[in-house]
Amino acid sequence: MNALIVEDDYYFRKFLRKCLKDMGILADIAKNGNEAIDILSIKKMDIIITDWLMPGMDGITLVEKIRKEISPPPLIIVITGINLPDARIKVLDSGADEFIPKPVEKNTLISIISTALKVKAGALSPRKLVPEAPSHKPPPPFVGFGIAASTGGPMTLWKVMEKFKKTENAAIFIVQHGPEWMLKSFTERMRKYTDMKVYLGETGQPVEKGVMYVCPGNIHMGIDQETLSIKLIDTPPENYVKPSADPLFRSISFVFRNRSIGMVITGMGHDGTIGAGYIKAAGGKVIVQDPEEATLPSMPKSVINLGLADVKKSSDQLAGTMHFEINTIFNSIRQ
């Protein structure tokens with residue numbers, strides 16, 4: 001496995017190189033983004049750890065350039081001394097997989113890198129496939145629409161929802177991978193791009209059509225089958241992530257059955273794939289973003305590779321597709 005450290009501070013470069021060496025990973029060195037691009041033009045890298053503020057090409061520009069030009073996509077971690085909420089959002093929006101503020105301890109860094117590599121490899125945590133029985137109650141008289149997103153998800157979702165605007169025929173549930181602070185900020189910003197009500201999920205919230213629910217950080221989200229309300233589930237990570245889309249998709253399939261839709265967009269790993277299988281088995285529909293234009297193609301590609309995708313569309317087409325599929329199912333309910 002190859003790694004590239006992009007850092008202008010000599011002593012921090014040595015520290016990062018030692019951490020990677022202790023993990024059995026050999027690292028090349030670049031002092032700025034321009035040197036990094038030169039190295040990447042001749043050598044494939046699995047991991048890139050970069051600073052943000054550097055002479056020449058800065059880290060954000062480097063991340064954006066890598067996401068546009070390098071395939072297969074490497075794992076990208078940005079480590080910076082700018083520890084502000086807006087800075088974190090900017091880093092993750094650019095396409096980075098992880099944001100780590102300086103200073104960082106060795107064990108913490110190794111743990112973050114190890115977990116991120118497992119997610120990128122798409123290893124699925126062992127689990128019981130059917131943790132609960134489908135409800136015997138009739139499904140709600142509207143559509144349950146779940147969305148799974150990871151790296152690059154915020155920018156893609158804001159772009160989609162700005163075109164989508166609203167629906168009165170479905171409840172929309174979103175799992176965007178990220179920490180608590182990011183998901184709170186993501187929820188607040190989402191309200192600028194949609195005419196729907198947008199809530200950060202809370203246990204006991206009624207599930208209503210025309211409303212969007214975002215899963216909070218460090219917990220999974222599902223739907224209580226008997227009360228038709230949000231339930232937050234503090235179980236172990238699935239697919240090495242928490243929140244994970246699989247618990248949400250399973251829950252949607254149990255409650256909404258053939259009135260279920262799952263949509264998987266940009267991200268690394270395989271989160272949402274098993275859940276998409278539940279939605280298909282319940283008679284619902286599965287939509288994926290075209291992997292060719294996703295920031296990271298792994299999540300939608302995994303769904304496609306298992307033959308679970310009914311529809312594949314570019315981000316520009318997803319809003320129209322959402323409306324079409326929601327209205328098609330909703331109109332069948334009314335007949």
Side-chain angles (χ1 to χ4, degrees), residues 139-150 152-176 186-201 205-215 221 223 228 230 245 248-249 251-253 255-267 272 275-276 278-280 282-295 297 299-300 303-304 308-335:
F142 53 93
V143 177
F145 195 109
I147 301 175
S150 187
M155 294 298 288
T156 301
L157 285 172
W158 292 327
K159 177 180 177 182
V160 171
M161 295 312 298
E162 192 169 30
K163 290 184 176 182
F164 182 83
K165 289 302 181 186
K166 68 182 297 186
T167 180
E168 294 295 338
N169 300 335
I172 295 179
F173 310 87
I174 297 176
V175 168
Q176 164 66 54
F186 169 81
T187 302
E188 292 171 3
R189 192 164 171 185
M190 179 63 83
R191 296 186 180 113
K192 300 178 181 179
Y193 293 93
T194 178
D195 294 330
M196 299 179 69
K197 295 178 180 177
V198 184
Y199 298 121
L200 197 64
Q205 274 179 326
V207 170
E208 301 173 331
K209 62 182 181 179
V211 179
M212 184 182 299
Y213 306 87
V214 178
C215 184
M221 184 169 74
I223 305 162
L228 194 60
I230 296 295
L248 173 65
F249 280 15
S251 191
I252 289 174
S253 74
V255 175
F256 287 89
R257 286 177 265 180
N258 64 348
R259 300 171 187 178
S260 307
I261 301 176
M263 186 167 82
V264 180
I265 64 171
T266 176
Y278 276 87
I279 287 176
K280 284 282 286 188
K285 284 291 189 76
V286 176
I287 303 167
V288 294
Q289 181 183 8
D290 185 347
E292 294 296 323
E293 57 113 64
T295 303
M299 278 173 45
V303 177
I304 292 170
L308 299 174
D310 296 298
V311 184
K312 178 182 74 174
K313 295 290 183 179
S314 68
S315 57
D316 287 332
Q317 299 171 310
L318 285 176
T321 299
M322 289 171 66
H323 273 299
F324 176 80
E325 297 296 345
I326 287 170
N327 292 337
T328 298
I329 293 176
F330 185 77
N331 288 335
S332 70
I333 297 171
R334 298 171 63 190
Q335 292 174 357

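FYI, the numbering just counts along the sequence from 1.
- Heavy atoms only, all atoms of each residue included: Pro141 and Ile333 are closest at C-CD1, 4.2 Å.
- A donor-acceptor pair under 3.5 Å links the side-chain atoms of Thr194 to the main chain of Lys165, judged by distance alone.
- Partners of Phe330 by ring pair (Phe, Tyr, Trp, His ring centres under 6.0 Å), not counting sequence neighbours: none found.
- Counting heavy-atom neighbours within 6.0 Å of Glu292 CD, excluding the residue itself, gives a total of 12 or less.
- How far OH of Tyr199 is from OG1 of Thr187: 12.5 Å, rounded to the nearest 0.5 Å.
- Contact check for Phe186 versus Leu157: side-chain heavy atoms found under the 4.5 Å cut-off.
- Among all heavy-atom pairs drawn from Gln289 and Ser315, the shortest one is NE2-CB, 4.0 Å.
- Here the CD1 atom belonging to Ile261 is positioned 10.0 Å from the CD1 atom belonging to Ile252, to the nearest 0.5 angstrom.
- Side-chain contact between Glu188 and Arg191 is present, with heavy atoms from C-beta onward closer than 4.5 Å.
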Problem set entry | Step-by-step ring pair (Phe, Tyr, Trp, His ring centres under 6.0 Å) determination, Tyr193 to Phe164 | CA-CA 9 Å; Tyr193 293 93; Phe164 182 83; over 10 Å; no
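- When all heavy atoms of Val207 and Ala171 are compared, the closest pair comes out as CG1-CB, 4.0 Å.
- The existence of a salt bridge linking Glu325 and Lys285 is confirmed by a sub-4.0 Å separation between a basic side-chain nitrogen and an acidic carboxylate oxygen.
- Between Phe142 and Phe256, the distance from one ring center to the other falls under 6.0 angstrom.
- For Lys280, the side chain to side chain donor-acceptor pair (under 3.5 Å) partners two or more places apart in sequence, or in a different chain, are Asp310.
- Shortest non-hydrogen contact noted between Gly267 and Ser150 is CA-CB, 3.5 Å.
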